[in-house]
Structures are given as C-alpha cells and as structure tokens.
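Residue numbers start from 1 in every chain, and the chains themselves are labelled A, B, ... in the order their sequence lines are given, proteins ahead of strands.
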Number of protein chains: 2
Amino acid sequence: MSQRKSGHVTLLDIARASGFSVSTVSIVLSEAPLSQNVAVTTRTHIRAIAKQLGYHPDAYARSLRRRTTQTIGILAFDLSDPFCVPIMRGIQEGVHDGGYLPLLMDAQTERKLFDSYLHMILERRADGLIVIASWVFEETNLLGDIRKNNVPIVIVGRDLVDRGISSILVDNEAGGALATRHLADLGHRHIAVIRGPQEMCDSEPRWAGIRKTAAQRGIPIDERLTFTLPGIADPASGFEGGVRLAQQMLASRRPFTAVLAFDDLTALGVVRGLSDAGLRVPHDCSVMGFDDVLPAAVATPAMTTIRQPLREMGLEAAQRVLHAIRNNGKAEKPRLHQTDPELVVRQSTASPPSTAVKPGRRSRT
Amino acid sequence: MSQRKSGHVTLLDIARASGFSVSTVSIVLSEAPLSQNVAVTTRTHIRAIAKQLGYHPDAYARSLRRRTTQTIGILAFDLSDPFCVPIMRGIQEGVHDGGYLPLLMDAQTERKLFDSYLHMILERRADGLIVIASWVFEETNLLGDIRKNNVPIVIVGRDLVDRGISSILVDNEAGGALATRHLADLGHRHIAVIRGPQEMCDSEPRWAGIRKTAAQRGIPIDERLTFTLPGIADPASGFEGGVRLAQQMLASRRPFTAVLAFDDLTALGVVRGLSDAGLRVPHDCSVMGFDDVLPAAVATPAMTTIRQPLREMGLEAAQRVLHAIRNNGKAEKPRLHQTDPELVVRQSTASPPSTAVKPGRRSRT
DNA sequence: TATATTGATTCAAACGTTTGAATCGGATTG
DNA sequence: CAATCCGATTCAAACGTTTGAATCAATATA
C-alpha cells in the first residue's frame, strides 16, 4: 500500500505515514547531529514506523548525496585458489574494522572478467582497491585508469612497485632458504627442485634462496633434477604438474632423497607421483611444499611447508589502503612490504633413508 | 583540472570539454536508442573525450535514476569452505550471463556478520539474493525482512521451503545410497559410519539412504560403529572430528573394513587417524567421503567420494532468481530442487583385506 | 511562400538522500 | 510591548544520471 513503484520503502513513505516531513525523518533515521533537536516522542514514533515498514536506506541515493561510498573493492584473480582465502579474510577484517564495506569480486582467472570487474569497481566509486594476484596473473593496463581516477590501490602477491603500486609479498628468498635449511638439517644431500613458472614473480627469488643456501651448506644442485612448472593460469594445474614432474624425476634415474616443490599443490602432486611409483613419503623420500594452504594440512602425511602469513598480508593491505584514503590529498609513494615466512614441520619430511634409495626402482610390488 | 571535487570525472566535465550538453553526452555514452539520431562526428568526438578523461559512469547515480541496480547479492556463510567455491562459480556464471553483477559477501561463519551483510544487500537494492549455506548455518529472522522488501531469494545447501524460500540441495538420500552400494559392491560387510551434525539438514536423509541400502544388501549396521560429528560452525573442524572418531573406532575394538564419512574433510581426518595408528588406506581399510572438494582430489590416496554437482547447483540458483526477477509481479511459490549426486571412484576404496583385519591392533611397527 | 518533416540537440524533471538555511510558534528577556 | 532567542520542524538545493518532451534550424512538400 505505502509501497512505491520501486518496491522499496523510502523516506517519503515514512514521512507520509508519520505525518512529518522527509527532512525530519531523514535526520532521525540517519542519526544526524541535528537529531538531538528533534523531540523525543517524534524520534521514537518515526523509528517505530520505519521498523514496522521494514525501511532500509537506499545506499545509492545516500552515497550519491554524501559523495562517499564507504566501500573498498577486493578483486581476486582466482578465488578458487585456496591461497586467496586467508588473504581475503585478512582484508575483510581490516576493511570492516575501518568501517568500510568490502566489495568482493572473483575474476576466475579470466583476464576479460578481471578488466570488466575493474570497470565495475570504478563505476561503483570504491574508495579504494585491493588486488589479490594469485598464481599466474596477467598485467592489465586498466590499472592506469584506476590511478587516473585517483583510487588508492594495493596489490598482494605480486611486486608492482615499479608500476607505482604498493605491493605486499612474502619474502620468497627467505622462504626458499628456510626450506632448504630444513632439508639440509635433516641430512639430505640430493634434493630435487621444482621451480615456479617464469611468469610468476615469486619463482626467481625463491629459487635464489634455495641456491644460495644449498651452496652455503655445500649441497650440490643437480640441474638434471631441477624442473620448472609451466605457466598455466589454472592453479589446479600445479597438482598435475607435480605428478608429471615426479615421474620425470624417477625416469631420470638420478638419485634424490627429497623434493622441494614450488607450492603445496605441486608438492601434493609429487606425493601422488611418487606414491604411484611405489615410494612412500617420507620414508623413502621427503617432500616439501610452500604456502601452507588447507589441502596441505589435511593430507596424509601432513605436508611440511613454508607458511606465508596470508591473513596478516591481507590485513596489512587493508590498512595500507585505509591509510591512503585518509590522507587523500597527498599520494604517498608506493612501497614494497615483505613479510616473513615460517617453517611448518609436519609429516612429509624426515631424514633420508639410511640406505640411499635409488628412485626409479620400485621399492615394493 | 576538469576534475570535480569528487575526484571522479562526470558527464558535466565531458559536456564542458566537448561543448555539448549533458543530455547529449549521456545519450551517446550510455548508448541509448536516441543515440542513433546523434551526428556521427558528435558521437566520436564525445567518446574520444570520455576516454581521454577516463570517464566511468557513476553506478550510484545511474541506478538511482534507472531504478534498477542489475545486481544480485551472493551471501556465503563461509567462503573458506572449499564446498562453497564451485557453487559460487556456478552462480557467477549464471548471474553474469543474465547481465547482472554478482555482489559477493562472506559472513565468515559469524551470525552477526551475516545479518550485517544482509542489511547491506538490502541497502544496496540488490535485485535478488542467493544464500550459500555451507556447514552449520544458523537461522536468521532477517530473511523475513528480505521478503518484506520483495527481493527474490534462493538458498543453496539447505531446505527452507517451508519458510517460503526456494531451495537447492543435493539428493542426500540418493547420495548415501550410492556410497553404501559402492562399498557393498566391493564386498564390505563391516562399515563404520560417521553421521553429520544434527544441526545440518543433510545429515538425516544421508543417513537414511545409508541405512536403507545397507538393509537391502543385508549389511548390518553396528551402532557401536556409528558416530556423530559435533555441530561446530567451523568446517575445518570436520577434519579434527574425523581424526578423533577414527581413534574411537579403533579403541572400540569392533571389526570394520570401511569407513563412510559424512564429508570429505571428515574422511581425510579418518585417513589421518587410521594412518597414525599404522593402518593403510585402502589396503587395510577403505574410506569414503562426500561432496568432492579440492582437498579430496589432491590427497594421496585420492579420495573416493560422492560428488555434489556444486557448479550446476549454483547455476540453477542463479537461473531461479533471474527467473523470479523477470516475472516480478507474481511471486511464484517456493520449490525444492534436488540434484543428482554421482559416485567418483578413486583410490581410497578397495575390496576388504582377505584376512579380516582387526583394527585396534597395529598392523606394523 | 507557408507548412510539414526531419535531424540534431537541449530542457527539465525525476530517482532517494542529506544538510545548510529558513520558518514559526512560543517563551524569555530588556 | 518589542526584541530576542530557542527548540522543533521544514524548505530547497544538490549529488550524477536518464529520458520524455521541447526546441530549433534546415530541408522537403504542398
């Protein structure tokens, strides 16, 4: 009855129903400072009617008038990547605590979608933007458009500082070193390595950390036991890659007692590959991952890995944009924030077998 | 220079820069039917300036005027549940194809956040709403408010038809039957069962499917080998529950050759629990999950499970709301849509050991 | 030449809020 | 009694769009 054509209850509806003007109703319902001057009886009356009618202020009209949306866009390149989830959680926490509304979007690894969502975020006048760049993430020139409309932006999972964008990243070199040191401490001398795809910025420094630490400890790196993942956009491909590369390792007939995989999914693939060949982890061969995502924790044997402080990274990203929003005027210079990785020892690593197992030869059946 | 105080480029800016009126600019840039009447030179001129200035129409002003937001809210109770991801993907696909923008929100298993986001969705005037109710999901009376503002709503993962809400759900009874049949076909006669928490609507019918099929096949269900997961909101708790219950199974000293777990995470927990006790899966004992989420697929041995057509369910949900939006006037009556589960045979199930292993006794070490 | 037709552009109102300024009856003060 | 102040409420303009109706010149028709 009092419903308008739009189907939504508006201030006018309440004004009519209560006998007061739209202004008064607005002042009361939005709890403006002026509402202290409004008679108490009026206030309660208006509030009662609003609740009864199921009034919810129109965010569009409100934002239009107030010229602020209190909204921060979160654009994930691939939300199905378990890697994204804790980051997203951290971001949400930070954004929410700052009184902003997170506007979550998932580009599903599709460049086209990514751009289209970037448009939407611009059109929705988000006060800030955070990009989660998991796995292989293609550049987009649209990011320039973002800055043209001076929306503060932070990216996590990729270093775009030289593009003028604040970035948050784990210290990959330290992570690679941590992993290598762990295997060295266990006594491994023959380590197979699976490097990340060349397109990913994490690959190189992680590899550097591995190489340097191996050199320090006097561990030779056999290049015939060094492999590289192909750069496919689908993160689940990491698993398949791990399976395939494990087979190649075994086929190479070079001895190794541990595998250092680029990330957890790849490591899980390696476990599968080794297991299919009759090898047991960690009894016959140790396997390490990187990231510490859910599947690694619930697999058996539980995966030893290098944890990225994903939640903290998300939180940091949120605080970074919020800060940028607050001193809106002066654009601060982009910074790179590196976070500390952490070794998580679980079940997939152990000392090398006493008698050096020669992989490629089935150990049972 | 031509930037307004808002920091965003507006139609007025372009009008001034081009020498045409706001109306003309609007007509051109929004590609209204009238734009055919606009001179070609004018069109290209205006478009050029718009691009140069980096113009993006203000979604708020536009929606306000057009009285439609072309937006569908997606409210997930817990996005970190891998169960949600394919559903969300399906929804996104359907929503996007229908020309709508998905507005994704993640309640992080918090009732308070859920309600708060529900508010936001209402305030943002979403044209429709889809709720993903993974795991234990508490009711909320706010759903009534949604209908009061006649926003079409569909829920997936929970049956709320008697509350007047269209629901999409896997056929749990069929799924339970499918799983039981698979184990029976393999020759298992002693099956331990882990039932879902009582708070979940999936638990009962799934259990019914198991019981009936077991009876059909003449397989006794030992109630001392039947367990129930506690109803905790955190889905990762399923894994812990599985570990603990596996220990209880073994401690009970009752013989069993297979475990039918409520879902994949629980099943992975069971594998861990059995493995810690020295039992091998599937050699000593088979384990089955339910849902078919990512961690089940990448574990070793790969988990045999019952797949829910999650993506299809999401798609269906999207189409259901879109349909409801289209014939807005007449509210159609809520329907329950049950989807067909599918058996996915992997590595975690096999025939029972020839010599009936008595669990509770370590088979090695 | 006057009138109708067309093509190109603009006017102006509206969407639902918010908010500085204005109103207005009544009470207080000089 | 006039002037002032105060508390309670309302006016009216603005936010950036869209769009039916209006304008207006130039061309085609009678």
Rounded to the Å, how far apart are Leu64(A) CG and dC15(C) C1'?
9 Å
Starting at NE2 of His8(B) and ending at P of dG16(D), how long is that distance when rounded to a whole Å?
10 Å
Using modelled atom types only, decide if a donor and an acceptor are shared between the side chain of Ser26(B) and the backbone of Val22(B) within a distance under 3.5 Å.
no
Rounding to an integer number of Å, can you tell me how far Arg43(B) CZ sits from dG7(C) P?
13 Å
Between CZ of Phe20(A) and P of dG7(D) the distance, given in whole Å, is 18 Å
Angle between terminal axes - the helix from dT1(C)-dA30(D) to dG30(C)-dC1(D), 5 pairs each end, rounded to 10°:
70°
Hey, does Val131(B) have a side-chain heavy atom less than 4.5 Å from the side chain of Phe77(B)?
no
Parallel, tilted or perpendicular for His96(B) and Tyr117(A), by the 30°/60° rule?
perpendicular
I'd like to know if the side chain of Asp127(B) and the backbone of Ile72(B) have a donor-acceptor N/O pair within less than 3.5 Å.
no
Does the plane of the ring in His56(A) sit parallel, tilted or perpendicular to the ring in His119(B)? Use 30° and 60° as the thresholds.
tilted
Between dC15(D), dA8(D), dT10(C), which nucleotide has the shortest distance from any of its atoms to the side chain of Arg67(A)?
dC15(D)
Side-chain donor or acceptor of Arg125(B) paired with backbone N/O of Thr69(B) under 3.5 Å:
no
What string of B, S and - do you get for nucleotides 17-23 of chain D 5' to 3' if you count protein non-hydrogen atoms under 4.0 Å?
BBB----
With Leu75(B) as partner, the option from Ile153(B), Asp106(B), Leu118(B) fulfilling side chain to side chain contact (heavy atoms under 4.5 Å, CB included) is Leu118(B)
Separation of dC24(D) P from Asn37(B) CG (nearest whole Å):
19 Å
Starting from C1' on dG16(C), measure out to CZ on Arg124(B) and report it in whole angstrom.
15 Å
Is the shortest side-chain N to carboxylate O distance from Arg320(A) to Glu316(A) below 4.0 Å?
yes
Mind checking if Thr42(B) touches a base, just sugar-phosphate, or nothing, with heavy atoms under 4.0 Å?
sugar-phosphate
Determine whether the side chains of Arg47(A) and Tyr55(A) contain a donor N or O and an acceptor N or O closer than 3.5 Å.
no
